Amino acid sequence: MRDLILVGGGLANGLIAWRLKQRWPALNVLMIESGPAAGGNHTWSFHHDDLNATQHAWIAPLVAHAWKGYDVQFPAFTRHLPGGYYSVTSARFADCLAQALGDNLWLNCAVTALTPDSVTLASGEQIPARAVIDGRGMQPDANLYTGYQVFVGQEWQLDAPHGLTAPIIMDATVAQTQGYRFVYTLPLSPDTLLIEDTRYADSPQLSLPALRETIGEYAAAKQWSLRTLQREESGCLPITLSGDITAFWQTAHGQPRAGLRAGLFHPTTGYSLPQAAALADRIAAHVPFDAASLFALTRELSMQNWRAQGYFRLLNRMLFLAGKSENRWRVMQRFYTLPDATVARFYAGKLTWRDKARILTGKPPVPPGEALRAAFTFQRGIK
């Protein structure tokens, strides 16, 4: 019997497998992925203060790119912020997991059913395990009220060096359409860029042709001559406004979950690597385990995060529900005038009470009446 089966080869399950192989190499861990490679087609980024020193050490082999700081650009100012910024590419992620898991990584393998202690394949074969973790990504749930972060990213080789020395994680000087819009740019090599058009939108729908066109227009405005498209990724991340986390977990019926499927992500940015690393650490510290204890562990971490994120959901409601959607950029522009340490703690989800007061004081970037109404929208659903 397997000790653990991980259904879905995405970031969260991949980090669980990676951490378990480091700490418990004899553990019988099987990962089952429906696609041709673990990690799919993604780029996951995080800030230095998002992880502790131990986590930085064990994740380091997965990191493909690192910078000493990053830039943001708004109509009123451009700012450089210090602190490490890192990216894990799906290609590096897939290579590392393939080496770590070997024959215990099953690709192009469809799962038709799973329980807390078994998996049924499309062939009809049933595989028992001490525990099964479902990490197949976010699914719609009536117990969570969300906005959306939709994006298309393209990795381009240029005709000439681009000149960037740091990522531009938010360029909001672009035309504001479909909610808050910004362009995210990672300099992957002297002549290679990942350019991503991102919208904080009310709808999960995105137009791939339209966003591809805006990426080309953005590059032209920056005088970057695009030569070869090497890769394209797209996605839709939930931005949590409110919900009932207890009811959300009742629908799991005892099934351990990981990643977005467990509600483990930063409620405002959509970043999920820090939460995935924290879950991997907890599971590795809990060996040996069974399905019931692993369900309790994943549920409790998710609920702890939810309880700690109430302030962020308040900010999200003000961003999405107060004022006109084309003016949402003003909220973010004001946020980035705050001290470096406050910005770092925001991304890490570790705001102090002084940080929280500082974010909400001063001249509001949205109408006060609408901000107040937004703050109390869904009040009955906040738990």
Side-chain angles (χ1 to χ4, degrees), residues 1-44 58-59 61-62 64 88-139 231 233-235 252-262 264 272-273 275-277 279-284 286-295 297-298:
M1 176 183 290
R2 302 277 183 172
D3 291 309
L4 178 66
I5 298 177
L6 301 164
V7 180
L11 176 66
N13 272 354
L15 292 188
I16 292 169
W18 182 252
R19 189 63 173 140
L20 287 174
K21 281 299 177 183
Q22 289 177 329
R23 293 199 58 186
W24 307 96
L27 203 67
N28 191 337
V29 177
L30 171 66
M31 175 179 285
I32 303 176
E33 164 60 33
S34 62
N41 180 26
H42 298 285
T43 303
W44 301 282
W58 67 257
I59 281 178
L62 304 175
V88 174
T89 63
S90 51
R92 173 72 68 86
F93 184 80
D95 287 344
C96 288
L97 283 181
Q99 293 178 30
L101 293 174
D103 292 339
N104 286 320
L105 173 58
W106 293 3
L107 302 174
N108 298 305
C109 187
V111 170
T112 57
L114 73 164
T115 71
D117 56 10
S118 71
V119 168
T120 302
L121 305 181
S123 64
E125 179 185 0
Q126 189 174 74
I127 309 172
R130 297 186 63 189
V132 174
I133 296 180
D134 187 355
R136 293 175 294 176
M138 192 74 178
Q139 59 183 356
R231 189 176 64 86
E233 61 182 275
S234 61
H253 303 295
Q255 178 67 59
R257 293 173 168 178
L260 297 185
R261 208 170 190 92
L264 288 171
S272 58
L273 189 144
Q275 289 82 356
L279 178 60
D281 270 340
R282 285 214 185 181
I283 290 174
H286 195 71
V287 173
F289 44 69
D290 55 63
S293 62
L294 205 52
F295 171 75
L297 182 156
T298 57

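Keep in mind it's a predicted model, so treat the numbers as computed, not measured.
- The shortest non-hydrogen separation linking Asp281 to Trp58 is OD1-NE1, 3.2 Å.
- Here CD of Gln255 is found 9.5 Å from CG of Leu294. Values are rounded to the nearest 0.5 Å.
- Rounding to the nearest 0.5 Å gives a distance of 11.5 Å between CG of Leu15 and CD of Gln275.
- Partners of Asp117 by side-chain contact (heavy atoms from CB on, under 4.5 Å), not counting sequence neighbours, listed by chain and number: Thr115.
- Expressed to the nearest 0.5 Å, how far CD of Gln139 lies from CG of Asp134 amounts to 7.0 Å.
- Under a 3.5 Å cut-off, the side chain of Arg261 and the backbone N or O of Met138 do not form any donor-acceptor pair.
- The shortest heavy-atom contact between Asp290 and Ala131 is C-CB, 4.0 Å.
- Scanning for salt bridge (charged side-chain N to carboxylate O under 4.0 Å, His left out) contacts around Arg2 gives an empty result, with sequence neighbours left out.
- Residues forming a salt bridge (charged side-chain N to carboxylate O under 4.0 Å, His left out) with Arg231 (at least two apart in sequence, or on another chain): Glu155, Glu233.
- Nearest heavy atom pair, residue Met31 against residue Ala17, reads CE-CB, 3.9 Å.
- Of the possible donor and acceptor atoms, none in the side chain of Trp18 sits under 3.5 Å from a partner among the backbone N and O of Leu97.
- Note: Thr298 OG1 to Ile283 CD1 = 7.0 Å, rounded to the nearest 0.5 Å.
- Between Ala277 and Ile59, the closest heavy-atom pair is CB-CD1, 3.8 Å.
- Once rounded to the nearest 0.5 Å, the distance linking CD1 of Ile5 with CD1 of Ile32 reads 5.0 Å.
- The minimum heavy-atom distance linking Ala122 with Thr112 is given by the pair CA-CG2, 3.6 Å.
- For the pair Leu121 and Val111, the minimum side-chain heavy-atom distance is below 4.5 Å.
- Among all heavy-atom pairs drawn from Cys96 and Pro61, the shortest one is SG-O, 3.7 Å.
- Looking at heavy atoms from C-beta onward, Asn108 lies in side-chain contact with Pro36 at the 4.5 angstrom threshold.
- In this view, Ala258 and Ala12, Asn13, Ile16, Ile133, Leu279 satisfy the side-chain contact (heavy atoms from CB on, under 4.5 Å) rule, not counting sequence neighbours.
- Listed by chain and number, the residues in a side-chain hydrogen bond (donor to acceptor under 3.5 Å, both in side chains) with Arg130 amount to none (sequence neighbours excluded).
- Remark: Asp95 engages no residue in a salt bridge (charged side-chain N to carboxylate O under 4.0 Å, His left out) (not counting sequence neighbours).
- For the pair Asn104 (side chain) and Leu30 (backbone), a donor-acceptor distance under 3.5 Å is absent.
- Leu62 has its side chain out of reach of Trp44: every pair of non-hydrogen atoms, C-beta onward, lies at least 4.5 Å apart.
- Residues Leu4 and Phe289 have side chains in contact (heavy-atom distance under 4.5 Å, counting atoms from C-beta outward).
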